[in-house]
**Q** 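Okay, here's the structure, questions in a sec.
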Amino acid sequence: MLKQNLQQKLLQKLSPQQIQFIKLLQVPTVSLDTRIKEELEDNPALEDFSLSLSEPEEQYPDRDPDDDFGSSDNEGGEADEFNIDDYLQDDSVNDYGSRYDQNGDDEEDKKEMPIAIQNSFIENLQSQLDLLLLSDKDFLIGKQIIGSLDDDGYLRRPIMSLTDDLAFSANVMAEDEEVEDMLKVIQSFDPPGIAARTLQECLLIQLRRKDVNDPIIKKAILVVEEYLDEFTRKHYDKLERALNMNSSELRAVVGEILKLNPKPGDSSEVNTKQLQVIPDFHISNNDGVLVLTLNAKNAPELKVSRSYQEMFQHYDKASQKDKKLKEAVQFVKQKLDSAKWFIDAIKQRQQTLLKTMNAIMQYQYDFFLTGDDKNLRPMILKDIADRINMDISTVSRVANSKYVQTEHGTYLLKSFFSEAIQTESGEEVSNKEVKKILEEHIGKEDKRHPLADEKLTEILKEAGYNIARRTVAKYREQMNIPVARLRKEL
C-alpha cells in the first residue's frame, strides 16, 4: 500500500563561489602560486597585473566581497539579460594586491631557500646497473627490481609477482631463481642495505659489508640473525646472558648496530614530498609593540582583462545582434563572472587570514613577545571563532595549513591551540606548558634508568599539576617520545 508524506527539510547548500573560497582558504602559501596559474591558464578574462609590462589604464574595482559574495547574477532575470555596465567600470591600479606588506621584512629576509637538484636513489641504482656487463634479459630483470623498490629502498613485492610483471610488461620469461640472482646483484649496490625485503635482511647486508673478522661485527651479525626481537625491545639483560657478554661488550655491539641505516632509500636524496615552508604571516616586535603583516605572496595583483571588457562595448554598439554573437558574448560573460568571483575569493581569503591571525596574535600576545612556551594561554578554535564572528571550521582551515614567522621561529598556527589544565591553585594553564615540563625531565633523565610514566606523573603532581598517568602517556605519545623501556641505554 502506497502512502504519501509531506516532509519539510532544512538544507544548507553552498554556492560555487563559496566552495571556491573555502578551497582557496585552505591552500598553503607555497601552493597558492600554482593555483592562481591554473586559474589564469583556464580563464583568459583573468590577468595577473604583476606580469604586465605597462601600467593599464583601467582595473577591476576594489569592493568588499562580503557585500554580495556568492550571490547569483541570474536572480530576477533570464540568463540572456545582463547589464553591460557591470563590465565597463574603471580599471584603475589594484591597491589591495600590494597594501598588506607595507611594513614587511627586508627583501633579504624574504628570499626563498633554493633546493639543490639531486638524483633520486632509483636513478643512482639505475646508473650502477648501467655499468655492469649483463645480458639483455638480466638487465631488464634488474631494471624491474629497481623500479619495484619503495621510498625506503625495500623490495616489498614477492619474487613471483616480479616474474609475472616481467612476462606481461616486458615480454621477458624469467624463472624465480634468475630474479633472485639479480636481486643479490642489486643488493651489492650502494647505498648498503638497498633492495632488502625485511629490516633484518637490510641490517645484515650492511653488517656483511664490514670487516666480518672483527669480533664485534661477528656478534652484531649474531644479534641481528638470532635476537633481533630482544634487541628492538631493549632486553639487554637477556642478550648479555644469551651471548655471554658483559655490559661493555654489549654496548659496543649495540653501538655498531645503531650505526646502520634502516631506511637506505632515504640516505642519498632530499625528500621532495615535503613542501617548502613559506610563512603566510610575519610578526615583528617594534619596541614592545607587535606588528602583523601578510606575506605578499598571499596578495596577488589580479584584474579583469581589458580586452574582454571591450568585447562588451563592441556588443553594446552593434546594430545587429545575431545568435552567434549572443552566444559568444554569453561565453565572455561567463568568463568575466568567473574572473570576478576568483578575485573576490582571493580578496576574501586575504581578509580572513589577517582577521584570524590578528585575533590569535592578540590572544597569545605574551608568547609572541617572549617566545616562551610557558606564556602560551589555553586556546581552542571556538575562542578565536567567537572573537572574529566566524565559523569554527573557517578558523580550523586557516590554522591547519598556515605558518607565521616570528623573531623566535616559524610556527604552524595549529600549534598555538591547546587544552586548558587546572593547577592545584586553581589557575588554568596550557597543556603546552605541561608538555614542556615533561620534555625537560625526560631530557635530563638517567638513560640507564629512564623515568616511567608513573614517576613522571608524580613529578608533575609535586609541581602542582594534578594529571592522571594516562594523560601523561598521551602527552608523551603526542611528542613522539617512546616509553621508558625503549628510552633505555647501556
**Q** Quick one: are Ile283 and Val291 in side-chain contact, heavy atoms under 4.5 Å?
**A**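 A side-chain contact is absent here, since even the closest heavy-atom pair is not under 4.5 Å.
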**Q** Answer yes or no: is there an ion pair linking Lys340 with Asp344, defined by an N-O contact shorter than 4.0 Å?
**A**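 No, this pair does not count.
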**Q** Checking Asn286 side chain against Val289 main chain: does a donor-acceptor pair fall under 3.5 Å?
**A**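 Absent.
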**Q** Taking all atoms of both residues into account, what is the closest heavy-atom pair of Lys414 and Asn400, and its distance?
**A** CD-OD1, 3.3 Å
**Q** Could you please spell out the steps behind the side-chain contact (heavy atoms from CB on, under 4.5 Å) verdict for Ile442 and Leu456?
**A** CA-CA 9 Å; Ile442 292 173; Leu456 291 170; 4.0 Å; yes
**Q** Test salt bridge (Lys or Arg N to Asp or Glu O under 4.0 Å) on Glu230 and Lys238 and set out the steps.
**A** CA-CA 7 Å; Glu230 286 80 0; Lys238 292 183 181 179; 6.0 Å; no
**Q** Does Ile467 offer a backbone N or O that forms a donor-acceptor pair with the side chain of Thr471 under 3.5 Å?
**A**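 No, because the side chain of Thr471 does not come within donor-acceptor range (under 3.5 Å) of the backbone of Ile467.
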**Q** Would the distance check show the side chain of Glu445 and the main-chain N or O of Leu451 forming a donor-acceptor pair, the cut-off being under 3.5 Å?
**A** yes
**Q** Nearest 0.5 Å, what's the CG-SG distance between Leu260 and Cys202?
**A** 8.0 Å
**Q** With no hydrogens and no angle check, do the side chains of Ser284 and Glu407 hold a donor and an acceptor under 3.5 Å apart?
**A** no
**Q** Go through Phe281 and Asn295 one step at a time and tell me if the side-chain contact (heavy atoms from CB on, under 4.5 Å) criterion holds.
**A** CA-CA 5 Å; Phe281 312 94; Asn295 190 326; over 6 Å; no
**Q** Mind checking the CG-CG spacing from Leu302 to Leu40? Nearest 0.5 Å is all I need.
**A**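 Leu302 CG to Leu40 CG: 6.0 Å, rounded to 0.5 Å.
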**Q** Roughly how far, to the nearest 0.5 Å, is CG of Leu294 from CE of Met357?
**A** 11.0 Å
**Q** Would you say that Phe417 contacts Val395 through its side chain, given a criterion of any heavy-atom pair below 4.5 Å between the two side chains?
**A**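 SC-SC contact between Phe417 and Val395 confirmed.
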**Q** Drop me the distance from Ile346's CD1 to Gln348's CD, to the nearest 0.5 angstrom.
**A** 11.0 Å
**Q** How about Arg387 and Tyr363: do any of their side-chain heavy atoms sit closer than 4.5 Å?
**A** yes
**Q** State whether the side chain of Tyr365 and the backbone N or O of Leu290 hold a donor-acceptor pair below 3.5 Å, judged by distance alone.
**A** yes
**Q** Is there side-chain contact between Val223 and Val254, with at least one heavy-atom pair below 4.5 Å?
**A**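 Counting from C-beta outward, Val223 and Val254 never come under 4.5 Å.
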**Q** Is the distance between the ring centroids of Phe416 and Tyr411 less than 6.0 Å?
**A** yes
**Q** Between Arg476 and Leu438, is a side-chain contact (heavy atoms from CB on, under 4.5 Å) present by the stated rule, with each step listed?
**A** CA-CA 8 Å; Arg476 177 180 49 72; Leu438 282 175; 5.5 Å; no
**Q** Would you confirm whether Asp386, through its side chain, and Asp383, through its main-chain N or O, come within 3.5 Å as a donor-acceptor pair?
**A** no
**Q** Looking only at non-hydrogen atoms, find the nearest pair between Leu155 and Ile145 and report the distance.
**A**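 Minimum heavy-atom contact is CD1-O, 4.3 Å.
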**Q** Looking only at heavy atoms, which two atoms of Ser247 and Glu240 are closest? And how far apart?
**A** OG-OE2, 3.1 Å
**Q** Can you establish whether the number of heavy atoms outside Lys435 located under 6.0 Å from its atom NZ is more than 12?
**A** yes
**Q** Would you find a donor on one side and an acceptor on the other, under 3.5 Å apart, between the side chain of Ser161 and the backbone of Arg157?
**A**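 It does not hold such a pair.
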**Q** Work out which heavy atom in Ile194 is nearest to a heavy atom in Ile205; give both atom names and the distance.
**A**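 Minimum heavy-atom separation between Ile194 and Ile205: O-CD1, 4.4 Å.
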**Q** Walk me through whether Tyr154 and Leu149 qualify under side-chain contact (heavy atoms from CB on, under 4.5 Å).
**A** CA-CA 5 Å; Tyr154 283 81; Leu149 302 181; over 6 Å; no
**Q** Are any non-hydrogen side-chain atoms of Met390 and Lys355 less than 4.5 angstrom apart?
**A**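 In contact.
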**Q** Please check: side-chain N/O of Thr232 versus main-chain N/O of Leu228, any donor-acceptor pairing under 3.5 Å?
**A** yes
**Q** Got a second to check how far Thr406's OG1 is from Met361's CE, nearest 0.5 Å?
**A**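 Between Thr406 OG1 and Met361 CE, I get 12.0 Å after rounding to 0.5 Å.
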**Q** For Lys461, is there an ion pair with Glu458 - N to carboxylate O distance below 4.0 angstrom?
**A** no
**Q** Answer whether the closest heavy-atom distance between the side chains of Arg35 and Phe342 falls below 4.5 Å.
**A**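 With C-beta onward as the side chain, the pair touches.
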**Q** I'd like to check Leu412 versus Lys402 (side-chain heavy atoms, cut-off strictly below 4.5 Å). Are they in contact?
**A** no
**Q** Would you confirm whether Gln364, through its side chain, and Arg377, through its main-chain N or O, come within 3.5 Å as a donor-acceptor pair?
**A** yes
**Q** Got more than 12 heavy atoms from elsewhere within 6.0 Å of CG, Asn389?
**A**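 Check fails, neighbour count at 12 or below.
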**Q** If you define the side chain from C-beta out and look only at heavy atoms, does anything of Pro279 sit under 4.5 Å from Val404?
**A** no
**Q** If every non-hydrogen atom of His408 is compared with every non-hydrogen atom of Phe368, which pair is closest and at what distance?
**A** NE2-O, 3.3 Å
**Q** Assess whether atom CZ of Arg233 is packed by more than 12 heavy atoms of other residues, nucleotides or ligands within 6.0 Å.
**A**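 For Arg233, atom CZ is not crowded (no more than 12 foreign heavy atoms under 6.0 Å).
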**Q** Spell out, as yes or no, whether a donor-acceptor pair under 3.5 Å connects the side chain of Ser396 to the backbone of Ile392.
**A** no
**Q** CZ of Arg470 to OG1 of Thr457: how many Å apart, nearest 0.5 Å?
**A**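 OG1 of Thr457 is found 10.5 Å from CZ of Arg470.
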**Q** So, for Gly193 and Pro264, which heavy atoms are closest and what is the spacing to 0.1 Å?
**A**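 Shortest heavy-atom separation between Gly193 and Pro264 comes out as O-CG, 3.5 Å.
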**Q** Are any side-chain N or O atoms of Asp152 and backbone N or O atoms of Lys263, one a donor and one an acceptor, separated by less than 3.5 Å?
**A** no
